[in-house]
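Residue numbers start from 1 in every chain, and the chains themselves are labelled A, B, ... in the order their sequence lines are given, proteins ahead of strands.
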Amino acid sequence: MRAVRSIVVAVAFVLAAGPVLAEEPADVAKRFLQLFEKKDFAAIRGLFAPGAVVSTVDLSRTEPPKVGQQAAGEWIDGISKELEPVAFNGIEILETSTLAFDQGATVSIRFRSSGKAGEHTFTNEGIDTYSLTKVDDTWRIVRYGTFERLEFQ
Amino acid sequence: MREIALAMGLLASAAFAQETPTAAATRFLRAFEHSDFATVRSLLADDATVIRTSLSPKGSPQNQRSSGAAWVQEAETNHAYLRDLKLDLLESSELRIDGGAVVNLRYRFSGLVGPAGKTAFMSDGIDTYILIPAQAGWKILQYNYIERLEMPRGPGGER
């Protein structure tokens, strides 16, 4: 009986620990978006590898695209301030692709988001791309790219 | 003769205007393989940017940021020391939105390097192309890649 109980405890332990140990690159990317919805930038910071960078492309219907690159920490500082007035931001994942080799992976996610900032509502359509590598046996984002068109109504 | 060349050029432009984002990205990669830097340059937008993410078995990953123009210049210089280049395109994906596309290409790139050309190298990686439509076809606005470059000993023991 004691042996059975030990097996049950062991199985429960493995099941509880399983999702974290087995987190795949696409899971990390999806978790990033969930945390972004909640504006949990401290947790987002923890998903990046040391030295990570962010590239941005902002599309507009009236102007040429704006292209940028910065360190992940700087980007987080900027976006967290920019999103302060945003009361709600719902992100819908529409399509995902993952390519991987033994040491690295790239995940692209097509999304649509909508929300409210002050008196204005907005929609955002884009494709996020995450390049990841393993740091201490955990997939971490080493490069994050956002390619999007944000429109206020 | 000049009229024929002009007509051929116009036909090529028309063909590129109809190619898919994946075809444009593949053309870029094949041009790189064949050291055809005129084609590489023609596919990059004027204000294109590049991020190279290099992985090594030991140490942290390194990101190197540059403009598209500076990256092409450096690649062209480096290609003078490479030969027998072979690029295997292993897998691809394409996602599109209104106004652009993202193409990812997984590859294995190999060849010989060095003045004597006896040192083999191999690179496994994934390219990411962010493309926007233009009059003459798709233009690459951002070109980013993650790769692990390995340089095992050459046949003469060189590294």
Side-chain angles (χ1 to χ4, degrees), chain A residues 25 48-61 64-72 93-112 123-136 140-151, chain B residues 21 45-68 89-108 122-134 139-150:
Chain A
F48 281 101
V53 295
V54 173
S55 62
T56 54
V57 178
D58 296 319
L59 291 174
S60 160
R61 292 193 193 276
K66 286 184 189 150
V67 181
Q69 293 178 337
Q70 59 194 137
I93 292 175
L94 303 173
E95 204 175 353
T96 302
S97 85
T98 302
L99 302 187
F101 59 103
D102 59 348
Q103 248 187 293
T106 296
V107 179
S108 288
I109 295 180
R110 186 165 67 86
F111 67 88
R112 185 182 299 132
T123 55
N124 190 13
E125 205 182 338
I127 302 166
D128 276 1
T129 299
Y130 306 80
S131 280
L132 306 100
T133 190
K134 280 194 172 172
V135 177
D136 298 329
R140 287 286 170 256
I141 301 160
V142 68
R143 191 185 64 237
Y144 165 60
T146 173
F147 177 45
E148 62 188 12
R149 176 182 284 129
L150 174 65
E151 291 178 306
Chain B
D46 290 342
D47 52 353
T49 60
V50 177
I51 302 175
R52 176 195 180 203
T53 304
S54 48
L55 305 176
S56 65
K58 295 171 189 171
S60 303
Q62 299 289 320
N63 282 306
Q64 187 185 340
R65 296 186 256 168
S66 55
S67 69
L89 184 52
L90 304 171
E91 202 176 356
S92 69
S93 75
E94 177 182 308
L95 301 184
R96 287 203 204 195
I97 54 171
D98 176 23
V102 173
V103 174
N104 294 313
L105 301 178
R106 184 164 72 85
Y107 63 84
R108 175 166 287 172
M122 195 179 75
S123 167
D124 275 321
I126 301 164
D127 278 1
T128 296
Y129 302 83
I130 291 163
L131 303 108
I132 52 168
K139 285 276 186 184
I140 300 161
L141 204 49
Q142 286 187 330
Y143 169 53
N144 301 326
Y145 57 107
I146 181 169
E147 68 170 358
R148 189 196 56 219
L149 178 64
E150 279 182 17

Could you check which of B:L105, B:T128, B:I97 has the highest count of heavy-atom pairs closer than 4.5 Å to chain A?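 If we count pairs closer than 4.5 Å to chain A, B:I97 comes out on top.
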Sort out for me which of B:E94, B:E91, B:E147 touches chain A most, counting heavy-atom pairs under 4.5 Å.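 The answer is B:E91.
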Any donor-acceptor pair under 3.5 Å from B:D47 side chain to A:V67 backbone: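 No.
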Is a side-chain donor or acceptor of A:R143 paired with a backbone partner of B:Y145 at a separation under 3.5 angstrom?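 Yes: the side chain of A:R143 pairs with the backbone of B:Y145.
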Please state whether the side chain, the backbone, both or neither of [X] comes within less than 4.5 Å of a heavy atom of chain A.
| X | answer |
| --- | --- |
| B:I126 | both |
| B:V50 | backbone |
| B:R108 | neither |
| B:I51 | both |
| B:A48 | neither |
| B:S56 | backbone |

Which answer fits [X], side chain, backbone, both or neither, if we ask what part of it has an atom under 4.5 Å from a heavy atom of chain B?
| X | value |
| --- | --- |
| A:S55 | both |
| A:R110 | both |
| A:L59 | side chain |

Passing candidate, side chain to side chain contact (heavy atoms under 4.5 Å, CB included) with B:V102, options A:I109, A:I127, A:V57, A:T106: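 Testing each of A:I109, A:I127, A:V57, A:T106 against B:V102, the sole residue satisfying side chain to side chain contact (heavy atoms under 4.5 Å, CB included) is A:I127.
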Dump the intermediate steps for side-chain hydrogen bond (donor to acceptor under 3.5 Å, both in side chains) on B:R65 and A:Q69, then the final yes or no. CA-CA 8 Å; B:R65 296 186 256 168; A:Q69 293 178 337; 4.7 Å; no
Would you say CG of A:D102 has more than 12 non-hydrogen atoms from neighbouring residues, nucleotides or ligands within 6.0 angstrom?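 Yes, because the 6.0 Å sphere around CG of A:D102 holds more than 12 heavy atoms from other groups.
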In Å and rounded to the nearest 0.5 Å, what is the [atom1] to [atom2] distance from [X] to [Y]?
| X | Y | atom1 | atom2 | answer |
| --- | --- | --- | --- | --- |
| A:T129 | B:I146 | OG1 | CD1 | 12.0 Å |
| A:I141 | B:T53 | CD1 | OG1 | 12.5 Å |
| A:T96 | B:L95 | OG1 | CG | 8.0 Å |
| B:R148 | A:F101 | CZ | CZ | 6.5 Å |

Of the listed residues ([options]), which shares the most heavy-atom pairs with chain B below a 4.5 Å separation?
| options | result |
| --- | --- |
| A:S108, A:A52, A:S131, A:G104 | A:S108 |
| A:R149, A:R112, A:R61, A:R140 | A:R149 |
| A:Q70, A:E125, A:E148 | A:Q70 |

For B:N63 and A:G51, work out which heavy atoms get closest and say how close.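 Nearest pair, atom of B:N63 first, then A:G51: ND2-O, 3.1 Å.
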Taking all non-hydrogen atoms of both residues, which atom of B:S92 and which atom of A:L99 are closest, and how far apart?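 Here B:S92 and A:L99 meet closest at CA-CD1, 4.2 Å.
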Indicate yes or no: at least one non-hydrogen side-chain atom of B:I132 is less than 4.5 angstrom from one of A:F147.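 Yes, at least one pair of side-chain atoms sits under 4.5 Å.
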Looking at side-chain heavy atoms only, is the closest gap between A:T56 and B:Q142 below 4.5 Å?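 No, their side chains stay 4.5 Å or more apart.
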So, using ring pair (Phe, Tyr, Trp, His ring centres under 6.0 Å) as the criterion, who are the partners of A:F111 when residues are at least two apart?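 For A:F111, no residue satisfies ring pair (Phe, Tyr, Trp, His ring centres under 6.0 Å) once neighbours in sequence are set aside.
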